[in-house]
There are 2 protein chains.
Amino acid sequence: MSDSHEREVGARIRADIIAGVHAPGAKLREVALAEQYEVSRIPIREALRSLEAEGLVESRKYSGSIVAPSPVEDAEDLFEIRIVLESATAKRAAKRAAALNASDTPDGRWRELRKEISEILDAGDAAIGQERFEDLAVLNMRFHFAVAELSGSLSFISLLRQISGKIEWLYSLNLMRRGPQAWPEHREIIAAIDAGQEAKAAEVMARHVRRSRDSYFAMMSDEHPRTT
Amino acid sequence: MSDSHEREVGARIRADIIAGVHAPGAKLREVALAEQYEVSRIPIREALRSLEAEGLVESRKYSGSIVAPSPVEDAEDLFEIRIVLESATAKRAAKRAAALNASDTPDGRWRELRKEISEILDAGDAAIGQERFEDLAVLNMRFHFAVAELSGSLSFISLLRQISGKIEWLYSLNLMRRGPQAWPEHREIIAAIDAGQEAKAAEVMARHVRRSRDSYFAMMSDEHPRTT
DNA sequence: GAGGTGTAGTTTGTATACAAAACTGTAATC
DNA sequence: GATTACAGTTTTGTATACAAACTACACCTC
């Protein structure tokens with residue numbers, strides 16, 4: 001998400017799945033994809049293996065791949081998991097910040113990330129000021145992944161990638177609505193991390209994600225008033 | 001895990017990483033792996049893309065793949081996430097059981113899985129009776145994945161695959177110790193699911209995983225008495 | 001001697017080509 | 001009429017071959 005960690009084609013296919021270009025249940029034929037994305041089948045296949053491991057695609061041997069069913073049913077539990085996961089990343093990031101503050105060992109990667117986060121936050125403020133709310137979705141994404149990187153844990157990063165892939169699939173539009181009031185919460189999170197306050201960072205992050213969840217369900221019940 | 005869902009070579013490489021054949025930080029050269037596992041580079045590369053998405057391997061473009069650092073540091077939080085995740089799978093499985101009990105719609109896949117679980121449980125009992133504790137690790141794995149499949153949620157299955165991949169890496173040996181007393185807890189979980197008791201299933205599963213976590217940390221402090 | 005530059009060699013990325021399995025529709029049989 | 005057997009087609013799986021990028025070490029310049 002942040003850097004070019006992603007294999008090019010895989011990222012594009014993922015984006016198209018999330019955007020609905022490839023609908024759930026649709027067959028993903030390798031030659032068709034190869035033509036569409038203008039590469040050979042090899043990169044397509046590698047991308048499909050990644051997406052399969054991420055749970056966005058389902059494959060059976062000699063039988064091809066289909067877009068996985070949308071995880072709407074799992075929304076509640078996915079948010080629950082995300083709360084636990086992101087609390088852990090915030091807590092860990094705060095812990096590392098405290099350690100860095102104590103010993104004055106300069107950490108290049110940390111500074112780099114911290115700077116990137118500041119830029120993300122400023123860009124978000126600017127977007128809100130100019131009412132370009134559509135930019136908030138990707139900025140939000142980048143913020144949460146940057147915090148995960150601050151945590152220094154690869155496990156957390158890969159788990160977050162997987163969960164947020166599914167959640168983004170569900171509600172990328174929602175951020176445009178909640179964005180303006182949610183954005184300032186990010187600064188609270190970073191403040192707690194910078195201060196090395198583990199418990200507070202975890203708590204503030206949990207509250208932030210919980211609000212995001214509530215906003216999602218509010219949106220859902222607006223759009224589908226009686227679908228239980 | 002359960003069926004042949006796994007690509008053959010990928011499963012073997014994963015197993016070797018978990019078993020320590022490929023140590024954390026080791027470079028994974030494609031030609032070397034191709035020779036070692038007696039296939040061409042193509043299946044190797046696809047396996048690496050899966051393992052990368054699972055967080056067991058780290059890759060950079062044109063620079064190859066290395067085994068990711070062991071997630072020991074994250075153990076506590078990974079268990080925390082696993083508790084939430086597996087509670088959700090148990091709850092969902094119980095919900096589906098209740099739905100099936102109500103409407104007498106016969107679900108082939110359900111019956112199949114349910115039968116497999118019974119066999120797993122019996123096999124575990126037999127293993128304990130004959131003191132073949134080393135078999136419990138894979139049986140335990142299969143049990144938890146089968147429950148995840150009962151939940152019917154692909155999201156949960158792929159998340160469980162990712163988390164348990166990391167956790168198994170940490171403590172596969174531990175099960176041989178705790179196995180004998182932990183095994184009967186599985187029957188409690190299944191009983192609650194069969195009865196369609198969502199809350200109870202979640203609760204029993206959470207307790208089961210919590211005990212597993214405690215046992216893991218007990219083992220760690222035995223082996224490394226003063227490593228803080 | 002320190003630092004940059006170039007080149008040889010290694011390693012990954014991708015395309016083409018072929019083999020193996022699955023699917024589909026037709027026809028023959030019960 | 002339904003079902004099964006079979007062949008043709010389609011689609012995936014894998015190997016080989018080649019191109020592109022990185023790495024390391026020697027060499028040249030300052």
Side-chain angles (χ1 to χ4, degrees), chain A residues 1-17 21-69 108-109 154 158, chain B residues 1-17 21-68 108-109 112 154 158:
Chain A
M1 268 48 216
S2 46
D3 35 314
S4 62
H5 233 238
E6 300 276 350
R7 296 303 198 280
E8 188 56 41
V9 188
R12 283 171 60 195
I13 298 179
R14 187 202 335 276
D16 283 345
I17 290 176
V21 177
H22 306 294
K27 297 196 78 140
L28 297 170
R29 294 232 168 65
E30 297 175 359
V31 284
L33 294 175
E35 286 174 18
Q36 182 175 350
Y37 295 97
E38 295 177 302
V39 289
S40 88
R41 279 177 56 216
I42 303 294
I44 295 290
R45 284 179 62 82
E46 295 187 7
L48 289 175
R49 290 297 87 77
S50 292
L51 295 171
E52 184 185 9
E54 282 178 47
L56 267 77
V57 155
E58 229 179 322
S59 303
R60 272 172 26 203
K61 208 179 176 191
Y62 286 112
S63 175
S65 307
I66 62 170
V67 179
R109 182 70 182 137
L154 281 168
S158 68
Chain B
M1 277 71 232
S2 45
D3 35 314
S4 62
H5 233 240
E6 300 277 348
R7 295 305 198 279
E8 187 55 39
V9 188
R12 283 171 59 196
I13 298 180
R14 186 201 339 273
D16 283 345
I17 289 176
V21 177
H22 306 295
K27 297 196 79 140
L28 297 171
R29 295 231 168 66
E30 296 175 1
V31 284
L33 293 175
E35 287 173 18
Q36 181 174 350
Y37 295 96
E38 295 177 301
V39 289
S40 88
R41 280 176 55 213
I42 303 294
I44 295 290
R45 284 179 63 83
E46 295 187 7
L48 289 176
R49 292 296 87 76
S50 292
L51 295 171
E52 183 185 10
E54 284 178 43
L56 266 76
V57 156
E58 233 180 318
S59 304
R60 271 173 27 205
K61 209 177 175 195
Y62 286 112
S63 175
S65 307
I66 62 171
V67 179
R109 183 68 183 139
E112 194 181 317
L154 280 168
S158 67

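Values reported hereafter were calculated over all heavy atoms of this structure, with side chains retained and with hydrogens, waters and symmetry mates removed.
Classification of E46(A) and R49(A) as a salt-bridged pair fails, no side-chain N sitting under 4.0 Å from a carboxylate O.
The minimum heavy-atom distance linking I17(A) with V67(A) is given by the pair CG2-CG1, 3.8 Å. Closest heavy-atom contact between G55(A) and A68(A): O-CB, 3.5 Å. Residues H22(A) and L33(A) approach most closely at CE1-CD2, 4.0 Å, considering heavy atoms. Closest of all the heavy-atom pairs between A47(B) and G10(B) is CB-CA, 3.6 Å. Residues A53(A) and S50(B) come closest through the heavy atom pair CB-O, 3.8 Å.
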Going 5' to 3' through nucleotides 6-19 of chain D, assign each nucleotide B (protein heavy atom under 4.0 Å from a base atom), S (under 4.0 Å only from sugar-phosphate atoms) or - (no protein heavy atom that close).
-----SBBBBB---
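Rounding to the nearest 0.5 Å gives a distance of 7.5 Å between CZ of R12(A) and CD of E38(A). Atoms CG and CD1, from L48(B) and I13(B) in turn, are 5.5 Å apart once rounded to the nearest 0.5 Å.
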Polar-atom pairs under 3.5 Å, protein N or O versus N or O of nucleotides 6-8 of chain C: list them with distances, or write none.
none

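Each of V9(A) and K27(A) has a nearest nucleotide on DNA chain C; the 5'-most of these lies closest to V9(A).
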